[in-house]
Amino acid sequence: MSSAEAATPEVEEETAETAIDLRAEYESSGVKEVLEELDRDLIGLAPVKKRIRETAALLLVERARKRLGLAHQTPTLHMSFTGNPGTGKTTVAMKMADLLHRLGYVRKGHLVTVTRDDLVGQYIGHTAPKTKEILKKAMGGVLFIDEAYYLYRPENERDYGQEAIEILLQVMENQRDDLVVILAGYADRMDRFFESNPGFRSRIAHHIDFPDYSDDELLHIAEHMLDEQNYSLTPAAEAALKDYIEARRRQPHFANARSIRNALDRARLRQANRLFENAEGPLDAAALSAIDETDIRASRVFTGGLNGAKGGEEGGSA
Amino acid sequence: MRITQGAFSFLPDLTDEQITRQVQYCIDNGWAVNLEFTDDPHPRNTYWDMWGHPMFDVADAAGVLYELNECRKVYGDSHYIRLSAFDASHGWESVKLSFIVNRPKAEEAGFWLQRSEGQGRNIRYTTHPYATRKPEGERYT
Ligand SMILES: Nc1ncnc2c1ncn2[C@@H]1O[C@H](COP(=O)(O)OP(=O)(O)O)[C@@H](O)[C@H]1O
Ligand SMILES: [Mg+2]
């Protein structure tokens, strides 16, 4: 009797956990930090943020179930991110890699970004080594395949893309602990890609759609970008940028936040030129930081725009 | 006769899990991991063939294991495969770790010891792997 009593505490020490505090896990794993960062760094994107929060919750619970010895499956983590250029897919993928790393679903958490050309070769026997090279590099992290549908070229039945697809599918299925794949691209093309490649569709558990930004959101994003670089808009420049956004959206090669980033790069260039040409005497920090109306309004977007303009660099492409 | 070459060779063959941990140690040290194969088990054979390129930019050992398994598919039954880790940092520029990760499935026949008697009862010794009496590619099939 007494000996049994004495043994009890030891047994308790030896047994596995019996309860897990999800709140505490949420904080100690660093998931909270990543999600807060996501909220802070990315303007808008409410539906995307919601989906990521849900995914994080699922993974936290799954991890807790595993630790308590409940039936659990290694969740399928491959995803597709669909949306127009510049809607934040690559940026979110980086955060996702970080999140999966902190939750212990990938061991390293790096992101390897590729397109068709990195995976598919030019001649017979070239594709498999190329694809495998990339897969090896991405293992322990996340492989992000931009415009994934270019892998599939039905018009050419000898296309080497098919070989890359087969290798990818095999690794996505058999090495789910080693690698997470995110396919990205335009929503409609991705839909068609999945229709003709059911192998991919069935291996992807999470589809996240990235909506276009509203004019307001783009302005917000612009201010956020400038703020990070210690620049600011004068009130007149802000009004000019609003007009810019409205006009830019209707012109070719519009790429949401990326168009904004490019426009701001140009505005900074013009500001520097303006200061250099016109400044008399020393400039203070405020002068060096202020983007003025003229720095925005000088854009080609206001003068006939990018229609027919070769290169269209102002907008940037996909 | 079980060939012993490189590190860990007097231990039982490493499991894939143990190999993975050794590889991750190499990667974390910044060493480039290489895979080589041969069917000439002589200890002075320096002409092992390379499988692919040295792996400089693989972050996780799973990438190396993936390649090892590809190599095993082709040579696993009939060849030795070894893994070596090269430290390219200045002053070292040499292999830091090397060990066998695959043995041929057929029996390892071992070595024939040849004694040549010379002047004054001198004896010179030479070893020949029995395997190399057959041409390359047919030795362990
Ligand atoms: N919601 C956002 N808030 C702030 N910056 C953003 C946002 N979405 C995108 N960006 C910025 O826009 C640029 C393009 O984003 P990116 O993730 O490359 O888009 P995609 O991969 O969808 O083409 C990047 O510089 C990124 O930092
Ligand atoms: Mg992108």
Between [Y] and [X], is there a side-chain heavy-atom distance shorter than 4.5 Å?
X: A/Val142; Y: A/His78; answer: no
X: A/Thr115; Y: A/Tyr150; answer: no
X: A/Ser80; Y: A/Phe200; answer: no
X: A/Leu183; Y: A/Ile204; answer: yes

Salt bridge or not for A/Arg201 and A/Glu195, using N-O below 4.0 Å?
no

Once you leave out hydrogens and angles, what donor-acceptor pairs under 3.5 Å do chain A and chain B share?
| from | atom 1 | to | atom 2 | distance (Å) |
| --- | --- | --- | --- | --- |
| A/Arg107 | NE | B/Asp60 | OD1 | 2.8 |
| A/Arg107 | NE | B/Asp60 | OD2 | 3.2 |
| A/Arg107 | NH2 | B/Asp60 | OD2 | 2.5 |
| A/Lys132 | NZ | B/Glu70 | OE1 | 2.6 |
| A/Lys136 | NZ | B/Glu67 | OE1 | 2.8 |

Pairing donors with acceptors under 3.5 angstrom, does anything connect the side chains of A/Glu147 and A/Tyr149?
yes

Under 4.5 Å heavy-atom distance to chain B, tell me which part of A/Val171 shows up: side chain, backbone, both or neither.
side chain

